[in-house]
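All ligand and atom numbering here is 1-based and tracks the order in the structure. Hydrogens, waters and symmetry mates are skipped; everything else that's a heavy atom, side chains included, is used. For this chain, numbers begin at 1 and follow the sequence in order.
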Amino acid sequence: MTQTDKDRVVIFDTTLRDGEQSPGATMTHDEKLEIAELLDDMGVDIIEAGFPIASEGDFRAVSEIAQRSKNAVICGLARAQLPDIDRCWEAVRNAAKPRIHTFIGTSPLHRAIPNLTQDEMAERIEQTVTHARNLCDNVQWSPMDATRTEWDYLCRVVEIAIKAGATTINIPDTVGYTAPVESADLIRRLIETVPGADDVVFATHCHNDLGMATANALAAVQGGARQIECTINGLGERAGNTALEEVVMALKVRGDIMPYTTGIDTKKIMHISRRVATVSGFPVQFNKAIVGKNAFAHESGIHQDGMLKNAETFEIMRPEDVGIAGTSLPLGKHSGRAALRAKLKELGVDVGDNQLKDIFVRFKDLADRKKEVFDDDILALVTATTEGDDALQLVNLKVVCGTGGPAEATLEMEIHGEDMSAVSEGDGPVDATFKAIRMLHPNKARLQLYQVHAVTEGTDAQATVSVRLEEDGMIATGQSADTDTVVASAKAYIHALNRLIVRRGKTGKDVKEISYRDVT
Ligand code: KIV
Ligand code: ZN
């Protein structure tokens with residue numbers, strides 16, 4: 001290793017082997033090829049493409065990935081058995097840079113499975129690593145369950161593997177048992193103790209059973225490991241493996257205390273994360289570090305205000321650096337006026353302070369009823385903002401409807417400052433409501449259009465209702481939005497009537513001129 005290579009950490013991705021091994025995460029042949037290409041393009045140094053002896057499909061995938069590989073080393077996994085190693089070599093041999101990775105469980109629990117004594121296992125390791133090295137000059141050896149293997153025996157077998165020709169020694173924490181201090185210490189002591197350790201690369205392979213996979217991998221690097229084994233989104237057996245995006249970004253962001261580099265183009269992280277989530281069928285949890293939906297989202301008023309003033313207040317890395325277009329400030333019930341104003345500006349809506357105040361009140365009311373307020377919701381609120389003092393205002397509406405008969409609407413309205421109520425039946429809840437409105441405010445306007453849109457997704461979506469009325473050649477439209485379609489309908493109808501009243505005023509006709517008798 002040259003001086004400049006000393007602090008370069010090799011990224012070994014095992015999404016297609018350990019990741020694909022997690023129950024339910026099986027990928028198709030084409031999906032594996034696609035993910036391998038993305039890994040290669042993003043600068044992964046070594047791709048563990050599969051376990052060739054495991055199935056015909058695995059063999060085909062590893063062979064084809066090997067043939068198509070560009071820059072990455074292509075590695076296949078093999079148990080400590082000669083036929084496994086031969087099959088693995090057959091699959092990877094056409095890669096520009098092939099690697100054989102062979103392993104055996106060395107802890108007491110794992111030695112008991114093939115029922116081998118320490119000496120018998122040592123002999124097997126010597127024989128299989130030698131065989132692999134005779135086929136390929138790039139051989140990785142792993143003592144599976146290394147972190148629960150007796151220290152003396154671990155040193156002994158690592159030395160045997162190095163002498164037999166292994167070029168990388170991987171120390172797996174197979175069951176996610178170790179902790180950061182121990183992880184660093186184990187690698188450091190192995191490098192200090194085992195003869196020949198300076199001539200090989202030490203790798204760390206951590207599982208996340210106690211949620212420490214990333215911390216353990218980084219600690220191992222501080223202890224001297226220079227290869228991290230990881231997967232996209234932390235996919236892997238049980239609780240998964242070290243997540244590639246986490247270790248890579250940790251090294252990038254905290255270079256001050258971990259001065260190591262990788263060859264990963266971090267801007268490609270988000271895309272591959274989404275593809276792996278899709279093809280594996282394992283969605284990424286919302287609050288997952290780096291690639292979760294909420295990793296760069298801020299909802300609370302204080303955070304949004306801070307972010308609008310200086311992104312560094314609440315973000316330690318730029319979303320662009322991991323391939324996300326930008327920070328998201330989703331509006332919700334915790335958002336403040338600054339975030340609402342910024343959102344309106346982004347949507348091209350310019351409002352004065354008073355109008356903002358009004359929209360903000362409506363927004364808070366909506367946010368209380370809805371988990372997330374989308375851009376379209378905001379636009380609907382702006383549209384629904386009333387134009388000055390309205391003659392007619394909805395105070396209360398209750399509708400009873402069902403399969404058994406007509407719907408019944410009980411409506412309370414303020415009309416020119418006076419509270420009035422009416423009950424009406426109708427053919428469905430909207431018809432009953434509109435009839436009740438006409439009872440309280442008789443008019444001969446014809447309903448020309450009634451339209452409902454769900455402006456956002458989900459059952460708590462806002463409905464935007466548009467109503468167009470025509471009266472003596474005068475047209476008035478009204479719009480409103482609410483999570484309750486009937487309430488939105490009532491408000492839109494009243495909105496249109498209010499506009500009609502204003503127009504009548506402008507044409508010299510007063511609302512009071514139209515009496516109950518005029519209603520047809
Ligand atoms: O977790 C583990 O021990 C493994 C080995 C095969 C390296 O995945
Ligand atoms: Zn593993």
Side-chain angles (χ1 to χ4, degrees), residues 10-23 25 46-55 58 62 73-81 84-85 87-88 91-92 99-114 121 124-125 128-129 132 138-149 153-154 157-158 161 166-178 182-183 186-187 190 200-214 216-217 220 225 227-244 246-247 280 282:
V10 167
I11 296 297
F12 176 110
D13 182 277
T14 182
T15 306
L16 297 172
R17 199 279 298 168
D18 216 331
E20 214 243 352
Q21 229 165 280
S22 45
I46 302 151
I47 299 170
E48 186 162 55
F51 196 172
I53 195 98
S55 71
D58 250 44
V62 178
V73 170
I74 305 300
C75 172
L77 185 68
R79 288 169 300 183
Q81 290 172 15
D84 269 45
I85 293 170
R87 190 76 173 143
C88 179
V92 297
R99 172 181 289 192
I100 296 173
H101 175 193
T102 180
F103 75 100
I104 193 162
T106 52
S107 66
L109 283 167
H110 284 270
R111 287 199 304 268
I113 294 171
M121 184 166 281
R124 171 85 68 89
I125 292 164
T128 50
V129 175
N138 189 338
V139 172
Q140 170 167 329
W141 180 73
S142 297
M144 187 168 74
D145 205 14
T147 53
R148 293 192 301 170
T149 298
Y153 189 59
L154 185 62
V157 288
V158 167
T167 45
T168 297
I169 299 292
N170 177 36
I171 302 298
D173 181 31
T174 305
V175 290
Y177 179 71
T178 199
E182 204 178 57
S183 177
L186 182 61
I187 300 284
L190 281 169
V200 299
V201 173
F202 272 79
T204 176
H205 177 110
C206 302
H207 280 266
N208 204 31
D209 299 66
L210 291 173
M212 293 192 281
T214 296
N216 287 337
Q227 174 177 308
I228 297 180
E229 307 210 356
C230 47
T231 58
I232 302 293
N233 299 340
L235 198 66
E237 289 272 17
R238 305 181 311 282
N241 290 59
T242 299
L244 179 147
E246 291 177 13
V247 282
S280 66
F282 275 47

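Looking only at distances, a side-chain donor or acceptor of Thr174 sits under 3.5 Å from a matching main-chain atom of Asp145. Looking at Asp173, its side chain does come within 3.5 Å of a backbone N or O of Thr178 through a donor-acceptor pair.
Ala25 and Gly19 get closest at one heavy-atom pair: CB-O, 3.8 Å. The nearest pair of heavy atoms linking Ala225 to Ile187 is N-CG2, 3.5 Å. A pairwise comparison of heavy atoms in Thr149 and Ser107 identifies OG1-N, 3.2 Å as the closest pair. Heavy-atom minimum distance, Leu210 versus Tyr177: CD1-O, 4.2 Å.
Sorted by first and then second residue, the salt bridge (charged side-chain N to carboxylate O under 4.0 Å, His left out) pairs involving residues 10-20 (not counting sequence neighbours) are Arg17-Glu48, Glu20-Lys32.
Residues lining ligand 1 at a heavy-atom distance below 4.0 Å are given as Arg17, Asp18, His101, Phe103, Ser142, Met144, Asn170, Pro172, Thr174, His205, His207, ordered by chain and residue number.
Around the Zn ion (ligand 2), protein N, O or S atoms at a distance under 2.8 Å total 3; waters are neither shown nor counted.
Rounding to the nearest 0.5 Å places CG of Asn233 at 8.0 Å from OG1 of Thr15.
With sequence neighbours left out, the side-chain contact (heavy atoms from CB on, under 4.5 Å) criterion links Asn208 to Ala213, Ala239.
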